[in-house]
Amino acid sequence: MKPLRKAIFPVAGLGTRFLPATKTIPKEMLPIVDRPLIHYAVEEAIEAGCDTLIFVTGRNKRAVEDYFDRHPELERELEEKGKLQELEIVRNIIPAHVRCVYVRQPQPLGLGHAVGCAAHLIDEDEPFAVILPDDLIDGAGVGCLRQMLVVHQAKGAAVLALEHALLADVSRYGVVAVRDEEERPLKITGIVEKPLPQDAPSRWTVVGRYILTSDVMRELSRMTPGSGGEIQLTDAIAAVLKDVPTYGLAFSGKRFDCGAKRGFLEANLHYGFQQE
Ligand code: G1P
């Protein structure tokens, strides 16, 4: 299999839970201490060796594109004022060997649809990562995607990041069926999107990190709407499970659900206190 080089960041969502702030600021640009949420996701992908970052954007997401571009006026001003530390910070957001690619999701038809909008950028037999920036993970030394890469390379398989949830919470997530609860990494034998607690195949829930194969892209192109009337990434993963060995990693680290106000605040406190 080819090496993992590409990461897809679906960032087209409206961020309605953070209105009115998100009326003009994309939710991915809301800061956790001094860096926007999307910056953490991008850093995690680069740490795992990705050199092509694919952002699936929508309306009102110009700020995301501007953030990852150079800003010559600001750089000149910082240089003239001798603010060299700040200059380094704004210059080094993206290392020179990494390129950013932007594709639009013309309509909000679901996560699977968003990922599928990048299908033309993924080659046959090429693995790719999907990172949902709302799920911010402090891997405590080794980023979550890098931890997943180790499993991907060892098994030559697709890998999903998993957390063990309370039964009452499973209906907020994709939930997997596993071959053996004691096995590590967990071999995934089934996956369903947002099941009712009584229908959940386990309490292992999918967190917003995936290493997938191009088979999923092929499947997404013919997918029909599923849970919530949306085209689901989970359904495409389910459709290729019989052909693509897929493992789940109970990653080390702490996840913050920054799609919710409480998780966003907790992440700010967590990273803020780390800086003290
Ligand atoms: C998405 C996925 C879901 C996954 C979750 C992780 O759901 O569809 O399978 O468990 O992200 O955050 P969403 O949060 O977009 O509803």
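Computed from heavy atoms alone, side chains included, the values below leave out hydrogens, waters and symmetry copies. In listed order, ligands and their atoms are each counted from 1.
- Using a cutoff of 4.0 Å between basic side-chain nitrogens and carboxylate oxygens, Arg35 and Glu43 are scored as salt-bridged.
- Of the residues Arg255, Lys254, Arg172, the one that meets the salt bridge (Lys or Arg N to Asp or Glu O under 4.0 Å) test with Glu163 is Arg255.
- Checked by atom type and distance alone, the side chain of Tyr40 pairs as donor or acceptor with a backbone atom of Ile32 at under 3.5 Å.
- Every pair passing side chain to side chain donor-acceptor pair (under 3.5 Å) that includes a residue from residues 192-207 is listed here, sequence neighbours excluded: Glu181-Trp204, Glu193-Thr234.
- A cation-pi arrangement is found for Lys155 relative to Tyr247, the charged atom lying closer than 6.0 Å to the ring centre and inside a 45° cone about the ring normal.
- Contact residues of ligand 1 (protein heavy atom closer than 4.0 angstrom to a ligand atom; sorted by chain and number): Leu111, Leu132, Asp135, Tyr173, Gly174, Glu193, Lys194, Val206, Gly208, Tyr210, Gln232, Thr234.
- Contact check on Glu28 versus Lys61 returns a salt bridge, with a Lys/Arg side-chain nitrogen under 4.0 Å from an Asp/Glu carboxylate oxygen.
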